[in-house]
Peer 1: 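Pasting in a structure now, in structure tokens, and then I'll have a few things to ask.
A, B, ... follow the sequence lines: proteins, then strands. Residue 1 opens every chain.
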Number of protein chains: 2
Amino acid sequence: MNTNFDIENFILDFSNSCQKKQKKVFSKNEVVTTYIKNRNQLCILLDGNADLVRYDLNGNRTIVEHFSKNALFGEVFYTITTNNELLVEAKSNCTVLFYSYDDIFHKCRNNCKFHQTLSENLPQLILNKVTDLNMRIELLTKRSTRDKLLGYFSLLSTRKLSTSFELPFSLTDLADYLSVDRSAMMRELKLLKEDGFIEKIGNRITLLYK
Amino acid sequence: MNTNFDIENFILDFSNSCQKKQKKVFSKNEVVTTYIKNRNQLCILLDGNADLVRYDLNGNRTIVEHFSKNALFGEVFYTITTNNELLVEAKSNCTVLFYSYDDIFHKCRNNCKFHQTLSENLPQLILNKVTDLNMRIELLTKRSTRDKLLGYFSLLSTRKLSTSFELPFSLTDLADYLSVDRSAMMRELKLLKEDGFIEKIGNRITLLYK
DNA sequence: TATTTTCCGTTGCAAAAGCAACACATTATG
DNA sequence: CATAATGTGTTGCTTTTGCAACGGAAAATA
């Protein structure tokens, strides 16, 4: 299976070859896009970091997804319902490509190489997204704040192939990502340190268990 | 966009035309498959109901996904990690098609019509799965048991286009699906009835609000 | 550099959720 | 049909989590 389709080089090579896309630059805290009505938008984050955020009726903020370089996002992945306000917020300066899923899927008339390669690799790209979402679901189904934290840390540790890693979030944002109260999470973090599970220096976590 | 690709008729027409699949029948409570090692398995549930279930180290059971007719599932959607035991359990008698994702993606030598149609429609099928998973994430990020219940009910109500609907789960399973304690959920269900949000007769829920 | 804004770390108290146990109903099974 | 297994409904108690508030640190901004 072509799990290692190299989206990075692919995008570098072809990002200027197709007419049917828009490339835009955003600065920190700008709204990249909103998921309000169905327009089959599919986006690729070329550079920077961004979060997909939802504000619910109780005023809670949830970071639904965190995007870094080469992430795929857009309202095409969502069934839009009215009681949702989904925003993609730039967490740093960002460069984003905007496509219409229809255009990608049906290819543009020019039959440009970008489209050809993209549509060939689209199943794999979307499949990668599915595995990401499944990891997120695994985190969210953990029953306690402690397990969510440990689960998330273990995931980052696996990705970095190291027991020591930087958090990609502020602690405030981490709480919104794990869907827990910030102060309760801070309390639990303290307990994890006291119980010798982790060490935390600034934004860097080191796992001490196992 | 081809959102309405009719997987049902498609499968009926072509399910016997390709050599590279296995069709198996399961009876209630049998294990359909386990997600243990990577073998790029992709399955289609032709008939019946099944749950993807995880048992964690604390003995908690989580229903990760609930599958009904024509659902796509399989370990190809997961990044397998060792601290996971994922099982697909038949909740009723089931008929399941088993594929290798590689075979689907690269097409079989026969170039059978099934494969051709399937691989053409694969992005759409996987995309549907992404939107399902996103709905699940939305549910799981709700902060309280009450909001999870109301969110799930509203989802079922939208699907059935009616304020009244049958639960596809036993209450025990519903708790495992919403990732909450069963007795706490029962308590909340009672409160929802008392507060006039819902009516519950047997397995049928009616929404009374709005 | 001064000042504003955001983030971190903490705490007491209140509310929610989990745990354990039980009786009873319903559904499978020999 | 008898019996076992599973699901429902409930409750008292404990633990966890959320809420609100605050002071100080760090970072952004004027």
Peer 1: What is the distance, rounded to the nearest whole Å, between atom CE of B:Met186 and atom P of C:dA25?
Peer 2: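 Roughly 14 Å, once rounded to whole Å.
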Peer 1: Do A:Phe197 and A:Phe153 have their ring centres less than 6.0 Å from each other?
Peer 2: no
Peer 1: Should the side chain of B:Ser183 and the base of C:dA17 be counted as holding a donor-acceptor pair, with the cut-off at 3.5 Å?
Peer 2: no
Peer 1: Tell me which nucleotide among C:dC8, D:dT11, D:dG9 gets nearest to the side chain of B:Leu171.
Peer 2: D:dG9
Peer 1: Is the B:Tyr177-B:His66 ring centre distance short of 6.0 angstrom?
Peer 2: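 Between B:His66 and B:Tyr177, which both carry aromatic rings, the centre distance is not below 6.0 Å.
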Peer 1: Any idea which of D:dT8, C:dG9, C:dG12 is nearest the A:Arg187 side chain?
Peer 2: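 Of all the options, the side chain of A:Arg187 is nearest to C:dG12.
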Peer 1: C:dA17, OP1 or OP2 - any side-chain N/O from B:Thr145 closer than 4.0 Å?
Peer 2: yes
Peer 1: Ignoring the backbone of B:Glu188, work out which of C:dA17, C:dT10, C:dG9 is nearest its side chain.
Peer 2: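 Looking only at side-chain atoms, B:Glu188 lies closest to C:dA17.
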Peer 1: Please report, rounded to the nearest Å, how far the C1' atom of C:dC7 is from the CG atom of A:Asp176.
Peer 2: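 About 12 Å, once rounded to whole Å.
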Peer 1: In whole angstrom, give the distance that lies between atom CG of B:Leu178 and atom P of C:dA17.
Peer 2: 12 Å
Peer 1: Quick one: label B:Arg146 by what it contacts on the DNA or RNA (base, sugar-phosphate, nothing), any heavy atom closer than 4.0 Å.
Peer 2: nothing
Peer 1: Is A:Thr172 close enough to C:dC8 that one of its side-chain N or O atoms is under 4.0 Å from OP1 or OP2 there?
Peer 2: yes
Peer 1: Using only side-chain N and O atoms of A:Lys190, determine if any of them is under 4.0 Å from OP1 or OP2 of C:dT11.
Peer 2: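 For C:dT11, OP1/OP2 do have a side-chain N/O of A:Lys190 under 4.0 Å.
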Peer 1: Would you kindly give the CG-to-P distance between B:Leu189 and C:dG18, to the nearest whole Å?
Peer 2: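 Between P of C:dG18 and CG of B:Leu189: 13 Å.
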Peer 1: Which heavy atom of A:Cys94 sits nearest a heavy atom of A:Asn49, and at what distance?
Peer 2: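 Scanning both residues, the minimum pair turns out to be SG-O, 3.2 Å.
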Peer 1: Name the residue closer to the 5' end of DNA chain C, choosing between A:Ala184 and B:Lys28 according to the nucleotide with the nearest heavy atom.
Peer 2: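 By nearest-heavy-atom nucleotide position, the 5'-most residue is A:Ala184.
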Peer 1: Can you find a side chain N or O atom of A:Lys200 that sits less than 4.0 Å from OP1 or OP2 on C:dG9?
Peer 2: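 Yes, within the criterion.
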Peer 1: Tell me: CG of B:Asn58 to P of C:dA20, nearest whole Å?
Peer 2: 12 Å
Peer 1: Looking at every strand, decide which applies to A:Lys193 at a 4.0 Å heavy-atom threshold: base, sugar-phosphate, or nothing.
Peer 2: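 No contact.
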Peer 1: Side chain of B:Arg182 only, heavy atoms from C-beta on: which candidate in D:dG7, C:dT10, D:dT10 is closest?
Peer 2: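 Looking only at heavy atoms from C-beta outward on B:Arg182, the closest nucleotide is D:dT10.
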Peer 1: Do B:Ser100 and B:Arg39 have side-chain atoms, one donor and one acceptor, less than 3.5 Å apart?
Peer 2: no
Peer 1: On DNA chain D, nearest-nucleotide positions of A:Asn29 versus B:Asp173: which is more 5'?
Peer 2: B:Asp173
Peer 1: Rounded to whole Å, please give me the gap between CD1 in B:Ile201 and C1' in C:dA25.
Peer 2: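 Rounding to the nearest Å, CD1 of B:Ile201 and C1' of C:dA25 are 18 Å apart.
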Peer 1: Taking atom P of D:dT8 as reference, at what distance in whole Å does atom CG of B:Asn203 sit?
Peer 2: 8 Å
Peer 1: Counting only heavy atoms not in A:Lys160, do more than 12 fall under 6.0 Å of its NZ?
Peer 2: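 Count not over threshold, so no.
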Peer 1: Separation of B:Asp181 atom CG from D:dT15 atom C1', in whole Å?
Peer 2: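 Spelled out: CG on B:Asp181 to C1' on D:dT15 is 12 Å.
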Peer 1: Do we see a donor-acceptor contact under 3.5 Å between the side chains of B:Asn128 and B:Gln124?
Peer 2: yes
